[in-house]
Amino acid sequence: MTTLTNLLDLDPAQLIAYCGELGEKPFRAKQLQRWIHQFGASDFDAMTDLAKSLRDKLATRAIIAAPAVISDHTSADGTRKWLVDVGQGNAVETVFIPEENRGTLCISTQAGCAVNCRFCSTGKQGFNRNLSVGEIIGQLWMAEFELRRTKGIEPGPKGERQITNVVMMGMGEPLLNYEPTVTALKLMLDDNAYGLSRRRVTLSTSGVVPMIDKLSQDCAVALAVSLHASNDALRDGLVPLNKKYPLVELMAACKRYLEFAPRDFVTFEYCMLDGVNDSDQHARELIALVRQADVPCKFNLIPFNPFPESGLTRSHNPRIKAFAQVLMDAGIVTTVRKTRGDDIDAACGQLAGEVQDRTRVQDRMKKMAEYQEKFGKNFGRIVEISS
């Protein structure tokens with residue numbers, strides 16, 4: 001039995017090679033790519049400018065299949081969230097955020113996440129597996145043409161594009177699923193596919209330093225870094241990956257990246273946590289951090305979206321404004337992210353999906369809670385004892 005090739009898994013060069021295997025010339029790959037990514041076609045018979053012989057070959061050897069939609073919810077503010085099935089009991093979430101002059105799609109790259117940042121509900125779901133190219137780009141393919149159908153807009157280049165910006169900020173750490181993520185990025189940028197500008201595609205990472213350097217050479221898009229802390233001691237507790245790649249290494253990687261990036265700054269995302277990382281002193285430490293590293297940047301302050309397991313609460317609005325003012329007074333561009341889609345759990349940090357967790361995070365959290373109740377709240381934590 002022949003295994004069908006999912007053409008959503010192939011970047012432009014791979015599609016040319018695939019057509020070559022079928023005895024076809026390179027221009028056929030470009031035609032095919034336009035049908036798939038510009039017209040949203042999944043039926044080879046609809047691809048009328050392809051030779052009948054090629055369509056017949058494709059019908060028996062290939063398929064165009066994005067993950068199936070399990071649920072589709074629209075928020076009161078217009079934000080739309082899809083839960084999509086990626087198999088074996090796993091589902092990920094994709095979010096579309098409409099604004100007056102752009103439409104942004106937030107894409108997931110993993111089923112769950114192994115980084116386990118303290119303030120992110122995705123990490124509490126644990127981790128199952130990396131998504132394939134087709135599962136990543138399939139979210140954009142599905143969303144673009146579903147939005148067009150909803151609005152009655154024709155597919156193809158003449159129809160008004162609904163998704164103008166993509167952010168790799170959904171479930172998972174993109175740089176821990178490197179090759180499929182970069183292949184999907186290349187499709188987003190290709191003129192025979194989605195033709196997005198590198199400035200309009202943003203990858204967000206919690207700080208996988210070697211892969212930041214690799215991305216700068218392979219497919220440099222706009223870079224956002226989940227910072228969330230002003231010093232290593234604080235970040236170690238909020239973003240465990242910091243123990244492997246501390247702030248001095250992360251800042252150096254950001255500076256190196258900017259030599260190749262489409263934007264001349266890095267966006268630092270900073271989740272505002274009441275009494276944890278939101279004091280004026282923390283803001284002053286951030287200023288010192290980026291100045292010492294000489295990293296041109298902007299800060300995006302994110303009001304925390306609470307969930308029970310975190311044990312954290314959102315900073316109050318006056319505190320967020322005061323924090324932002326310290327940064328702005330130092331000449332750093334600072335924005336406060338507007339909370340969108342929180343009535344359908346589509347806001348930043350709320351994406352949870354459905355993950356068959358092979359890392360057993362929930363079990364370990366439950367067991368730790370039992371031990372802390374039995375032996376005291378500091379069980380399992382490093383406690384400094386003064387001499």
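Keep in mind the model is a prediction, meaning the values are calculated, not measured.
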Is any side-chain heavy atom of [X] closer than 4.5 Å to a side-chain heavy atom of [Y]?
X	Y	value
S279	H282	yes
V201	N165	no
L147	I163	yes
T202	V166	no
S226	T205	no
V95	I107	no
L196	R161	yes
R284	V326	yes

Taking NZ, NE, NH1 and NH2 as the nitrogens, is one of them in [X] or [Y] under 4.0 Å from a carboxylate oxygen of the other?
X	Y	value
K52	D56	yes
K255	D294	yes
E154	K158	no

side-chain hydrogen bond (donor to acceptor under 3.5 Å, both in side chains) between R34 and Q31, intermediate numbers included: CA-CA 5 Å; R34 285 197 290 266; Q31 288 179 311; over 6 Å; no

Return the [atom1] to [atom2] distance between [X] and [Y], rounded to the nearest 0.5 Å.
X	Y	atom1	atom2	answer
R235	N242	CZ	CG	4.5 Å
T109	Q139	OG1	CD	8.5 Å
T183	I136	OG1	CD1	8.5 Å

If only atom types and distance count, is the side chain of [X] paired as donor or acceptor with the main-chain N or O of [Y] below 3.5 Å?
X	Y	value
E173	L175	yes
Q38	Y194	no
K57	L22	yes

Quick check: closest heavy atoms across [X] and [Y], and the distance to 0.1 Å?
X	Y	result
V133	L8	CG1-O, 3.6 Å
Y257	V221	OH-O, 2.7 Å
P262	R199	O-NH1, 3.1 Å

Shared hydrophobic cluster, I63 / L50 (ILVMFWY, side-chain heavy atoms < 4.5 Å):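 No, no single cluster joins them.
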
Aromatic ring pairing W141/F145, orientation class (parallel under 30°, perpendicular over 60°, tilted between):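 The arrangement is perpendicular - the two ring planes meet at more than 60°.
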
Salt bridge (Lys or Arg N to Asp or Glu O under 4.0 Å) partners of D213, counting only residues at least two apart: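 In terms of salt bridge (Lys or Arg N to Asp or Glu O under 4.0 Å), with neighbours along the sequence ignored, D213 is linked to R256.
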
Q88 and N128 side chains, donor-acceptor separation under 3.5 Å: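 Their side chains do not contain a donor-acceptor pair, so the 3.5 Å distance test is not met.
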
N231-E285 side chain donor-acceptor pair, cut-off 3.5 Å: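 There is such a pair (donor and acceptor under 3.5 Å, judged by atom type) between the side chains of N231 and E285.
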
Ring center gap for F323 and Y270 short of 6.0 angstrom: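 Yes, the ring centres sit under 6.0 Å apart.
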
is_close_aromatic(F119, F304), centroid dist under 6.0 Å: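 No, the ring of F119 stays outside the 6.0 Å limit from the ring of F304, centre to centre.
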
